[in-house]
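Proteins get letters first, then strands, A, B, ... in listed order; numbering begins at 1 in each.
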2 protein chains.
Amino acid sequence: MPSSAADPIYDDIRAAILSGDIAPGAPLRQDEIAKRFGVSKIPVREALRRLEVDNLVVFERNKGATVRHYSETEVLQLLDIRIALECRALELAVPHMIATDFSDMRQLLREYANRTDPAEWGAMNAKFHHMLYEPCGNPQLMKMIDDLQGKLGQFLRLLVSTASGLERPMREHDEILEACERGDTQTAVRTLRHHIEATQKEVAAFLRRGG
Amino acid sequence: MPSSAADPIYDDIRAAILSGDIAPGAPLRQDEIAKRFGVSKIPVREALRRLEVDNLVVFERNKGATVRHYSETEVLQLLDIRIALECRALELAVPHMIATDFSDMRQLLREYANRTDPAEWGAMNAKFHHMLYEPCGNPQLMKMIDDLQGKLGQFLRLLVSTASGLERPMREHDEILEACERGDTQTAVRTLRHHIEATQKEVAAFLRRGG
DNA sequence: GTTGACAAAATGGTATACGATTTGCAAGAA
DNA sequence: TTCTTGCAAATCGTATACCATTTTGTCAAC
């Protein structure tokens with residue numbers, strides 16, 4: 001039972017923005033959304049305001065809400081935050097990993113390597129990273145990481161289809177996982193850090209070329 | 001010009017929760033708030049929903065909003081996130097610090113040491129940390145750090161008045177600042193990390209004794 | 001005195017209604 | 001043609017109104 005009629009609206013629009021179904025800058029018409037969900041504007045506005053706090057939409061007085069556009073600089077800054085959160089999460093997670101964690105991740109990486117559709121890479125990449133950090137036992141940290149992943153999703157999806165491909169990230173994923181299995185937290189974290197910094201450089205280059 | 005009537009309500013209640021003026025678990029009556037601000041319930045609900053996304057209030061269907069209560073575990077987890085964000089911010093900030101940054105921070109630390117009222121320590125501590133990270137040039141990261149600081153504020157305020165006092169934190173603040181002046185990012189970050197971990201241990205001990 | 005049932009009051013959630021602002025468009029002037 | 005100007009439609013923001021649910025208070029039965 002949802003706490004209110006705004007909940008499903010919030011979830012739906014959120015997903016639509018994160019998946020890229022609604023483009024940045026697109027206006028979010030309250031009446032249209034209200035009709036679509038069969039409710040009045042009140043819960044729609046509530047949902048949009050919540051998305052505003054999430055930094056996914058922007059409000060302008062008497063103009064309503066539009067999907068927020070992240071500038072190149074802001075995307076790079078989000079990646080800096082990713083380094084902060086994910087390195088810490090991995091550091092906390094490694095000591096808690098057990099055998100099934102390793103085998104599950106190995107399994108995922110094998111499947112990953114066999115996929116040829118770049119559209120799937122983004123999701124699998126996100127899933128692998130999520131599994132890496134899950135044992136950290138800090139739900140609030142996990143939520144922040146997932147939120148960030150969502151915001152960056154659209155850019156990374158774009159990137160992965162144009163950039164160098166799977167070779168580098170796959171090798172780094174293997175290195176990270178191996179370090180985790182050895183219980184070598186230091187190496188795992190350092191490798192993860194380089195992994196994200198490499199992504200950061202690719203994004204920077206991609207954007208310089210006018211993404 | 002505020003984007004809507006919900007804005008000042010959001011800001012006010014947010015401040016009241018963060019400052020501890022409204023205790024955790026306290027109900028937030030929509031009609032009462034609406035009357036106090038001279039508006040209807042609609043903008044009040046919007047404001048409360050935004051606070052829910054901020055994780056500051058909790059909604060229960062047909063019971064309305066109450067101020068969220070953080071468990072002991074969650075407070076310790078927030079401190080883990082603090083380590084992640086602030087160490088990264090400091091790492092990014094050190095290379096950008098200039099002479100006036102150092103002198104401003106030294107100035108603050110001197111004032112800090114002269115204050116005898118524990119109630120002021122929390123604010124000055126927050127300010128010093130904020131100044132440390134500001135040069136990182138990442139507004140989104142700064143916002144996350146400040147939000148976290150706000151959430152932890154009430155606990156740290158409680159703590160500082162009961163715990164060991166100023167001696168340890170002050171010494172560590174000096175150490176961090178000196179490392180920054182030398183441009184020794186490694187040492188600065190490592191010291192900051194120990195600094196926050198020490199706080200974490202004190203909070204853990206405080207909570208064990210039934211804070 | 002305690003418990004249970006029921007009515008009354010309070011509170012929450014949302015649809016409707018309406019004034020305010022912006023936007024789109026057409027008609028006329030340069 | 002291109003640039004104003006003004007009006008109509010669309011859209012937004014919020015007060016009012018209303019029903020649903022929860023809480024509170026009362027009173028009788030045990």
Side-chain angles (χ1 to χ4, degrees), chain A residues 1-18 20-71, chain B residues 1-70:
Chain A
M1 62 191 82
S3 161
S4 88
D7 283 333
I9 301 173
Y10 172 77
D11 293 338
D12 264 46
I13 299 182
R14 187 167 209 284
I17 293 175
L18 293 181
D21 285 353
I22 314 179
L28 297 161
R29 303 284 169 216
Q30 301 177 359
D31 287 335
E32 182 266 322
I33 296 168
K35 194 191 284 184
R36 184 145 51 86
F37 284 87
V39 297
S40 79
K41 286 190 304 187
I42 310 284
V44 173
R45 284 182 56 79
E46 275 189 19
L48 293 176
R49 284 295 188 187
R50 287 199 251 172
L51 291 168
E52 184 189 25
V53 176
D54 278 343
N55 258 317
L56 291 176
V57 313
V58 178
F59 264 79
E60 277 179 286
R61 172 101 194 166
N62 287 322
K63 286 193 182 179
T66 53
V67 178
R68 163 157 186 178
H69 171 77
Y70 278 97
S71 71
Chain B
M1 62 189 80
S3 160
S4 88
D7 282 332
I9 301 173
Y10 172 78
D11 292 339
D12 264 46
I13 299 183
R14 188 167 208 285
I17 293 175
L18 294 181
S19 72
D21 286 353
I22 315 180
L28 297 160
R29 304 283 170 216
Q30 301 178 0
D31 287 337
E32 181 266 323
I33 296 168
K35 194 191 284 184
R36 184 147 50 86
F37 284 88
V39 298
S40 79
K41 286 192 301 188
I42 309 284
V44 173
R45 284 181 55 78
E46 275 190 19
L48 292 176
R49 285 294 188 187
R50 287 200 253 173
L51 291 167
E52 185 190 24
V53 176
D54 277 344
N55 256 317
L56 290 176
V57 313
V58 178
F59 264 79
E60 276 178 286
R61 170 100 194 168
N62 286 320
K63 285 193 181 181
T66 53
V67 178
R68 162 155 188 179
H69 171 76
Y70 277 96

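- Computed from coordinates, the B/Arg61 CZ to D/dA20 C1' distance equals 9 Å when rounded to whole Å.
- Atoms CZ (A/Phe37) and P (C/dA15) sit 13 Å apart, rounded to a whole Å.
- The interatomic distance linking B/Glu32 (CD) with C/dA9 (P) rounds to 22 Å, in whole Å.
- Between the CD atom of B/Glu60 and the C1' atom of D/dT23 there is a distance of 14 Å, given to the nearest Å.
- A salt bridge is absent between B/Asp12 and B/Arg36; no separation between the charged side-chain nitrogens and carboxylate oxygens falls under 4.0 Å.
- With respect to the salt-bridge test (charged N to carboxylate O, under 4.0 angstrom), the residues A/Glu32 and A/Lys35 do not qualify.
- Summarising the geometry, the separation between NZ on A/Lys63 and P on D/dT11 is reported as 15 Å, rounded to the nearest angstrom.
- Atom pair B/Arg29:CZ and D/dT21:P shows a separation of 18 Å (rounding to whole Å applied).
- Between A/Val67 and the options A/Leu51, A/Leu56, A/Ile17, a side chain to side chain contact (heavy atoms under 4.5 Å, CB included) holds for only A/Ile17.
- Remark: B/Val58 pairs with B/Thr66, B/Arg68 by the side-chain contact (heavy atoms from CB on, under 4.5 Å) rule, at least two apart or across chains.
- Here D/dG13 presents its P atom at 11 Å from CG of A/Asp31, a figure rounded to the nearest Å.
- Atom CG in B/Asn62 sits roughly 7 Å away from atom P in D/dT21 (whole-Å rounding).
- Checked for salt-bridge contact, A/Arg49 and A/Glu52 meet the test: a charged N lies under 4.0 Å from a carboxylate O.
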- For A/Phe59 and B/Asp7, what are the C-alpha separation, side-chain angles and deciding distance, and is it a side chain to side chain contact (heavy atoms under 4.5 Å, CB included)? CA-CA 11 Å; A/Phe59 264 79; B/Asp7 282 332; over 6 Å; no
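- Taken residue by residue, residues 39-51 of chain A places heavy atoms nearer than 4.0 Å to DNA chain C at A/Val39, A/Ser40, A/Ile42, A/Pro43.
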